Amino acid sequence: MNNTTPTIPVIAIDGPSASGKGSVAELVAEQLGFHYLDSGAIYRIVAYASQLQHIVWSDAEAIAKLTTQLNIEFSHGNIMLNGSNITAEVRSEEMGRGASEVAVHPTVRDALLDLQKQFRQSPGLVGDGRDMASVVFPDAALKIFLTADVEIRAQRRYQQLHNRGADAKYETILQDLQVRDLRDSQRSAAPLKQMPDALLLDTSDRSIQQAVDFVLDAYQKSLHSYKKI
Ligand code: DC
């Protein structure tokens with residue numbers, strides 16, 4: 001069976017860092033019994049693996065080559081690289097920055113395309129990232145652009161890190177997010193942007209549950225309009 005067959009529905013959720021798209025995407029996938037692709041984690045793994053191999057994040061050619069040698073596995077909420085659990089390392093702020101840096105290279109993005117498409121498995125997939133709707137799954141059944149004001153995102157990230165016992169400063173987080181937003185949306189390869197056929201979901205004044213309900217409702221509506229055709 002061809003796992004990339006377009007008949008398997010995809011919900012594409014794109015948006016900036018710390019918008020809550022990961023939590024929303026995971027819960028939507030759980031509710032629908034769909035698979036879940038955290039594409040940001042893949043870029044984070046690549047940044048981490050490059051660092052391990054002493055490859056600088058600006059070296060597009062060496063990183064693209066390295067991606068072909070990585071054995072990546074997502075297992076029960078853990079991120080595995082070549083058999084080692086690297087979840088904590090990959091979730092660090094440093095690897096968030098690294099991911100954003102390696103992600104500017106078109107050759108690296110191309111090298112990761114097939115891997116991401118393989119997540120499209122029956123009965124469906126919820127993919128979260130920056131280019132789910134524009135590049136990886138342009139035929140997605142539903143496209144959501146999920147965002148929130150940068151100050152609110154910084155506050156949420158600050159709270160998250162604080163709860164984990166990490167020593168984080170709000171101003172540093174805000175600045176990091178602004179730099180990342182700019183890099184992710186200004187790059188030439190697959191920049192972060194709302195597609196014309198994507199629904200805007202601003203979570204500045206919404207809870208995670210309200211955002212999940214919005215996506216589920218939009219998905220049900222998309223199924224109805226599909227049936228009427
Ligand atoms: O979603 P995240 O914060 O884990 O993503 C980390 C970085 O990876 C993000 O700043 C840009 C990059 N990324 C990307 O370019 N394309 C994706 N589909 C997902 C992430």
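Because only heavy atoms are used, hydrogens play no part in the values below, and waters and symmetry mates are left out as well, while side chains stay in. Quick caveat, the model's predicted, so the values are computed rather than measured. Just follow the structure's listing: the first ligand is 1, and inside any ligand the first atom is 1.
Not a single N or O atom of Asp38, backbone or side chain, sits closer than 3.5 Å to an N or O atom of ligand 1. Taking only nitrogen or oxygen atoms, main chain and side chain alike, Ser39 reaches within less than 3.5 Å of ligand 1. Taking distance alone, with nitrogen or oxygen atoms compared against 3.5 Å, Asp128 stays at or beyond that limit from ligand 1. Considering backbone and side-chain N/O of Asp131, one or more are found under 3.5 Å from N/O of ligand 1.
A donor and an acceptor atom, one from each side chain of Arg97 and Ser17, are nowhere located under 3.5 Å apart. In this model, a donor atom of one side chain and an acceptor atom of the other lie less than 3.5 Å apart for Gln160 and Arg157. Judged purely by distance below 3.5 Å, without hydrogens or angles, the side chains of Asp114 and Gln118 never pair a donor atom with an acceptor atom.
Below 4.0 Å from some heavy atom of Lys21 lie the following atoms of ligand 1, by number and element: 1 (O).
Summary of contacts: the protein heavy atom closest to atom 10 (O) of ligand 1 is Asp184 OD2, 2.7 Å. Residue, atom and distance of the protein heavy atom nearest to atom 4 (O) of ligand 1 are Arg44 NE, 2.7 Å. Residue, atom and distance of the protein heavy atom nearest to atom 12 (C) of ligand 1 are Ala103 CB, 3.7 Å. Nearest protein neighbour of atom 7 (C) of ligand 1, counting heavy atoms only, is Ala99 CB, 3.5 Å. Among all protein heavy atoms, the one lying closest to atom 20 (C) of ligand 1 is Gly40 CA, 3.5 Å.
Met132 and Ser39 get closest at one heavy-atom pair: CE-OG, 3.3 Å. Across Ala60 and Val108, no two heavy atoms sit closer than the pair O-CG2, 3.8 Å. Of all non-hydrogen atoms in Ser100 and Arg180, the two that sit nearest each other are CB-CD, 3.5 Å.
In summary, Arg206 and Asp202 do not engage in a salt bridge, as defined by a charged side-chain N under 4.0 Å from a carboxylate O. Of the charged side-chain nitrogens involved, at least one lies within less than 4.0 Å of a carboxylate oxygen, so that Arg109 and Asp131 count as a salt-bridged pair.
When heavy-atom distances to ligand 1 are checked against a 4.0 Å cut-off, Arg187 comes that close only through its side chain, counted from C-beta outward. Under 4.0 angstrom from ligand 1, there are no non-hydrogen atoms of Arg183.
Considering each of His105, Arg157, Arg130, Met132, the one bringing a non-hydrogen atom nearest atom 1 (O) of ligand 1 is Arg130.
Ligand 1 has Arg109 within reach: a non-hydrogen atom of the residue lies less than 4.0 Å from it.
In the hydrophobic clustering of ILVMFWY residues, with side-chain heavy atoms under 4.5 Å counting as a link, Leu37 and Ile86 come out together.
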